[in-house]
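Have a look at the structure below before the remarks.
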Number of protein chains: 2
Amino acid sequence: MAQGHSDNLLFLTDEQLRRAIEAMFFAYRGFTADPDRILSDLNYGRAHHRAIHFINRTPGTTVNNLLAILGVTKQSLNRVLRTLIEDGLVDSRVGTRDRRERHLFLTDAGAALEQRLSDAQRARMRAAFREAGPASVAGFREVLEHMMDPELRRHFAAVKEGDR
Amino acid sequence: MAQGHSDNLLFLTDEQLRRAIEAMFFAYRGFTADPDRILSDLNYGRAHHRAIHFINRTPGTTVNNLLAILGVTKQSLNRVLRTLIEDGLVDSRVGTRDRRERHLFLTDAGAALEQRLSDAQRARMRAAFREAGPASVAGFREVLEHMMDPELRRHFAAVKEGDR
DNA sequence: TTGGAATGTCAACAAGGCTGACGTAATTTC
DNA sequence: GAAATTACGTCAGCCTTGTTGACATTCCAA
């Protein structure tokens with residue numbers, strides 16, 4: 001696919017862009033489908049997945065950090081966090097330097113669920129990469145980064161540098 | 001970016017996949033941000049956008065077709081369609097061949113809103129494509145297609161053939 | 001003519017967003 | 001040391017958008 005219109009971007013028609021938009025819509029649905037199935041069995045939703053994902057990525061992160069990354073209100077996050085803490089998946093520890101802050105960690109059970117979820121998601125991502133071929137992977141990530149809000153992209157790029 | 005790991009897919013680490021997963025999450029948020037802003041001013045949500053988009057793409061589509069594409073229940077879609085019809089953005093016409101079916105069309109007002117929404121979304125997509133460069137675009141679309149559920153991908157490919 | 005398909009509608013419920021207000025520590029600032 | 005600010009939690013209420021279940025209507029097709 002995508003030969004005739006990749007040579008010259010000026011020839012990207014609205015129709016071709018519309019197809020890309022739909023591809024994004026359908027792909028995102030595929031992207032979330034596997035975790036969604038696992039989560040619904042546990043009476044959790046995507047909001048729980050997101051919290052678990054980012055706590056796993058940055059253990060000890062504060063509630064405020066998480067709010068900024070997820071872009072939701074504290075009331076909304078708190079509802080999710082409360083159930084995760086009650087269910088013993090997340091551990092909330094009072095900060096040592098600043099005792100107003102709560103630092104969030106996954107418990108062993110939380111880490112286990114995170115593994116299940118990300119294994120499923122990674123498997124699909126890996127399969128898509130394999131089928132699309134190596135050359136496509138770099139382009140995929142390049143476009144995605146440029147589709148983010150600029151502020152987020154900077155944050156994302158910073159993280160990228162960090163764990164080289 | 002993405003040189004060292006595009007040569008050999010076997011070297012795609014979990015960490016690199018995790019970054020791709022986050023890129024997908026953040027990019028999707030950027031992807032929907034502009035339409036979301038327009039919609040919230042009109043007291044509509046993403047569900048309205050999706051309905052408008054696909055009615056525009058396939059004028060005269062039936063409710064059942066739309067259900068299949070959107071993957072929601074008819075009750076859920078119906079609520080959205082009702083408001084769009086009441087507000088004069090969508091026209092629902094009884095089928096001629098099969099009078100049980102309702103064929104959906106955008107009114108002039110509906111088409112105008114569709115333009116506003118897709119203009120915003122296309123602008124961002126076009127900008128991302130331009131910044132990422134022509135070579136990236138093909139890879140982007142290739143990976144996205146392989147991330148969809150297989151059944152959907154077939155449908156998507158069929159559409160692709162159709163409007164060449 | 002009758003069964004089943006397509007569509008619509010009513011009711012009830014849940015997840016997960018939101019705003020606004022308030023309380024309580026703890027820290028920072030003056 | 002008092003006052004302001006920050007971090008977090010919580011209560012209450014609202015909205016969108018998804019879900020099930022039940023039921024009516026219309027109409028095609030066997």
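Numbered from 1 within each chain, the chains take letters A, B, ... in sequence-line order.
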Salt bridge check: are A:R19 and A:E22 linked by an N-O gap of less than 4.0 Å?
no
So does B:T13 get a backbone contact from the side chain of B:Q16, meaning a donor-acceptor N/O pair under 3.5 Å?
yes
Between B:E145 and B:R141, does at least one N-O distance fall below 4.0 Å, as a salt bridge requires?
no
Check whether the side chains of B:H49 and B:E114 place a donor and an acceptor atom closer than 3.5 Å, and report yes or no.
no
Mind running side chain to side chain contact (heavy atoms under 4.5 Å, CB included) on A:L42 and A:L113 for me, showing each step along the way?
CA-CA 10 Å; A:L42 303 170; A:L113 177 55; 3.6 Å; yes
Given protein heavy atoms under 4.0 Å, the one-letter contact record of nucleotides 25-30 of chain C, with B base, S sugar-phosphate only and - none, is simply -BS---
I need the CG-P distance between B:D41 and C:dC18, as an integer number of Å.
16 Å
Rounded to whole Å, please give me the gap between NE2 in A:H103 and P in D:dA7.
12 Å
Roughly how many Å is it from CG in A:L66 to P in C:dG16, rounded to a whole number?
15 Å
Per-nucleotide protein contact along nucleotides 9-22 of chain D, 5' to 3', at a 4.0 Å heavy-atom cut-off (B base, S sugar-phosphate only, - neither), is BBB----SBBBBBB
Check: A:G110 main-chain N/O paired with A:T107 side-chain donor or acceptor under 3.5 Å:
yes
Just how far, in rounded Å, is C1' of C:dG16 from CG of A:L39?
14 Å
Classify the angle between the aromatic ring planes of B:F25 and A:F54 as parallel (below 30°), tilted (30 to 60°) or perpendicular (above 60°).
tilted
Indicate whether the side chain of A:T83 and that of A:H48 have a donor and an acceptor atom separated by less than 3.5 Å.
yes
